[in-house]
Student: 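Supplied in structure tokens, the structure appears directly below.
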Amino acid sequence: MSDHHDHRDEHAPHQKPTDRECPCCRVCECYRAASDEEAARSSHEGHHGDGGHDHGGMVDHSSHEQMFKRRFVVCFLLALPVLYYSSMLQGWFGYTAIQFAGSEFVGPVLGVVIFAYGGIPFLRMGAVEARNREPGMMLLISLAITVAFVYSLAAIVFEIGEPFFWELVTLVVIFLLGHWIEMRSVRRASGALDELADLMPTTAERIDESGDTEEVSVDDLSEDDLVLVRPGANVPADGVVKEGESNVNEAMVTGESKPVEKTPGDEVIGGTTNQSGSLRVRVTATGEETTLSGIMRLVDEAQQSKSRTQVLADRAAGWLFYAALGAAVVTAIAWGLVEGFGLSVVERVVTVLVIACPHALGLAVPLVVAINTSLAARNGMLVRDRIAMEEARNLDTIVFDKTGTLTEGEQGVVDIATTDGWNEDDVLTLMAAAEGDSEHMIATAIREEAHDRGLSVPSTRAFEALEGRGVGATVETDISVGTGESSAVQQGTMVYVGGPNLLRHLDIDPGDSLTSFADNAGSRGQGVVYLLQDDEAVGAVTLADVIRDESREAIDALHAMGIEVAMLTGDSEDVAQAVSEELGIDTYFAEVLPEDKDKKIVELQEQDQLVAMVGDGVNDAPALTRADVGIAIGSGTDVAVESADVVLVENDPRDVVSLVRLSRKSYRKMQENLVWAAGYNVFALPLAAGILAPIGILLSPAVGAVLMSASTVIVAVNAQLLRRADITV
């Protein structure tokens, strides 16, 4: 069995993450260094001193961003006098600084202040990493600025050389700038939950038994309450329309910008926007039970889970710590032997530590993943397992459940045949009239087809249901059909609609043309219904589970991406073969019981295929769990599908294509970012150690910090470019 099974065995059944920190805070945990006083000064409402968790446990990054911004501005202003009075810079640029009593202490005093104020977040988190024996970028930053600070103080006290406070303050300022940019990018990338939360109104207009309305808090709503939703207002909770008609914008759930018409009996989702008319809605779910809350939980879970690439990046950061220490030791020994221990050796060591800082490496993957999750949610794709999302790029075969996924899941008119003197609309008009009082699915399909064609259906009387055979009714008005006189239907004419049993019951021969039509339909697994008038079969329609137009587009797109498509169905071999041939499906499995669907997934996996299963998340639960990537499609308001890795809110197979495209584009961004981050370290470390010193090329700590920050900015900007990706079919 392939390794794919190992993945599924490890992750099924799904477990919710136990680490409640979001990925960006795993990357940059220095926000914990913010004091309660600073947290209280945060401009973001609702932020807490414990790290700013809100929206069901998600971390609020606005306070972290503000903290780094504030410290950067203060340290930047204090660093300007330090740079101005630096003797090294005065020599480089050929100027003499203004002198006054105590001017020689400007650099040391402000350097100490900047180290204490700007460096404290890095020092605190570096200490945490050291205690936890999990070295990473905070420990490297701490080492770099501490070495620079200690050496500079020693240089003044013991007069062992020229202090370089200007390099120290430059390091701190650049690190603060990098973290400010990082927090700003992370906050923007993680804004999906904030956007969703903002959709839910805080108040609602509840209608009491007397019909009067009162404004109440949404938290006070209960199931079965009746609420008024005015035009332009957001629906306060999930419910069912009792009165009124309107268009509702459900883009926040489905990703589809086109408003959805709502009439009595239709479901509405809390947080969606009512547009044109007033609605009276009976509440069916409130609080944590609403669709919006379910979506937020899924987005929350996805933002907290790690992908394999992210785990690899985290490990690489740890490895780089030891590599940096090793390189620093070798650098110190080598330069110490050549020049003796002094300022130049410390500069080399500090520069190595700065260059080795895995700041950009730690940011490379989490930013992409955060944007991936946000982009997926905006397109109606709710990711529950990031490993599965990442695996989607490598899929070999995607298996679709037929009914309700590739097809509409209900009967529809597929084709119509007529005898001489009749046309399709004539036949369909009389069929719809006869079926007017029937509740059978076949009757519904015929009436819907007549409605879609804009046909005017005559009234009937004396409706008669023929058990197991069909229906009959008397036409109340004269109808002129076709072009011949014989095809006029007079008032009082009895017409019948039914299948082969009705023909046998009335002993009517349908004729050669309709018989051939029925035989062809039978070979495709389709049912046939006849229209009888004056003891004569004048037309017939075939009915089948209608194939979605979107299914054809989806399968063509998957084939273009090199992915094979399979189909699972409990229908007969004839039906499965007909649907498979019409859609161009590569493999199909017919007459499969729900409990056996997962066995078909195993069969494909045993052929060393990475397999995704696409189903409704209920009958297909075993197969969704067994597949390498389980995709629940068309779940609508039922977003908490525990058996699926990804939930597609709309019942549109094309979203599966979007999922694969997003997975591939996201992984490509991860690779690009890792190249920028790790590749930068690989080339810069030897340069920082002084390998090109014989030809006069040396990197100072400040230049190293600039290069490191440039790498971080490039990674952040490259991740943001994922937002421009076109993933639609």
Student: With rounding to the nearest 0.5 Å, note down the distance linking CG in Leu583 to CE in Met567.
Tutor: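 So the gap between those two atoms works out to 7.5 Å.
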Student: Determine, for Glu435 against Arg447, whether the closest basic-nitrogen to carboxylate-oxygen distance falls under 4.0 angstrom.
Tutor: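 Between Arg447 and Glu435 there is no salt bridge, as every charged N stays at least 4.0 Å from the carboxylate O atoms.
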Student: Does atom NE2 of His451 have more than 12 heavy-atom neighbours, drawn from other residues, nucleotides or ligands, at distances under 6.0 Å?
Tutor: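 Counting neighbours around NE2 of His451, 12 or fewer heavy atoms of other residues, nucleotides or ligands fall under 6.0 Å, so no.
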Student: Among all residues two or more places apart in sequence or in another chain, which pass the side chain to side chain donor-acceptor pair (under 3.5 Å) test with Ser278?
Tutor: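 Applying side chain to side chain donor-acceptor pair (under 3.5 Å) to Ser278 gives none.
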Student: Pick from Thr407, Asp652, Asn651, Thr405: which one makes a side chain to side chain contact (heavy atoms under 4.5 Å, CB included) with Arg548?
Tutor: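 Considering Thr407, Asp652, Asn651, Thr405, a side chain to side chain contact (heavy atoms under 4.5 Å, CB included) with Arg548 is found only for Asn651.
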Student: Drop me the distance from Ile398's CD1 to Ile585's CD1, to the nearest 0.5 angstrom.
Tutor: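 That separation rounds to 12.0 Å.
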Student: Please test Val565 against Phe400 for side-chain contact (heavy atoms from CB on, under 4.5 Å), starting from the C-alpha separation and ending with a verdict.
Tutor: CA-CA 8 Å; Val565 179; Phe400 287 89; 3.7 Å; yes
Student: Working to the nearest 0.5 Å, report the span between CD1 of Ile631 and CD1 of Ile633.
Tutor: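 Ile631 CD1 to Ile633 CD1: 8.0 Å, rounded to 0.5 Å.
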Student: Regarding Asn274 and Ser246, is there a side-chain donor-to-acceptor distance under 3.5 Å anywhere?
Tutor: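 Short answer, yes.
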Student: Could you work out, with side chain to side chain donor-acceptor pair (under 3.5 Å) as the rule, every residue matching Gln526, not counting sequence neighbours?
Tutor: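 Gln526 satisfies side chain to side chain donor-acceptor pair (under 3.5 Å) with Arg524 once adjacent residues are dropped.
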Student: Is any side-chain heavy atom of Arg280 closer than 4.5 Å to one of Ile207?
Tutor: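 With C-beta onward as the side chain, the pair touches.
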Student: Can you see whether Thr273 engages Asn249 through a side-chain donor-acceptor pair at a distance of less than 3.5 angstrom?
Tutor: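 No, no side-chain donor-acceptor pair sits under 3.5 Å.
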Student: Check Lys597 with Asp401, please: is the shortest side-chain N to carboxylate O separation under 4.0 Å?
Tutor: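 Answer for the salt bridge query: yes.
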Student: Going by heavy atoms in the side chains, are Ile547 and Leu406 under 4.5 Å from each other?
Tutor: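 No, their side chains stay 4.5 Å or more apart.
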Student: Do Asp224 and Arg282 meet the salt-bridge criterion of a basic N to acidic O distance under 4.0 Å?
Tutor: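 No, no charged N to carboxylate O under 4.0 Å.
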Student: Partners of Lys262 by salt bridge (charged side-chain N to carboxylate O under 4.0 Å, His left out), sequence neighbours excluded?
Tutor: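 So Lys262 forms a salt bridge (charged side-chain N to carboxylate O under 4.0 Å, His left out) with Glu250.
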Student: Would you give the length of the straight line joining atom CG of Asp425 to atom CD1 of Ile416, rounded to the nearest 0.5 angstrom?
Tutor: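 Result: 7.5 Å between the selected atoms.
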Student: Could you tell me the separation between the CD atom of Glu448 and the CG atom of Asp452, rounded to the nearest 0.5 Å?
Tutor: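 So the CD of Glu448 and the CG of Asp452 are separated by 7.0 Å.
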Student: With a 4.5 Å limit on heavy-atom distance, are the side chains of Asp655 and Glu650 in contact?
Tutor: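 Yes; the side chains approach each other to less than 4.5 Å.
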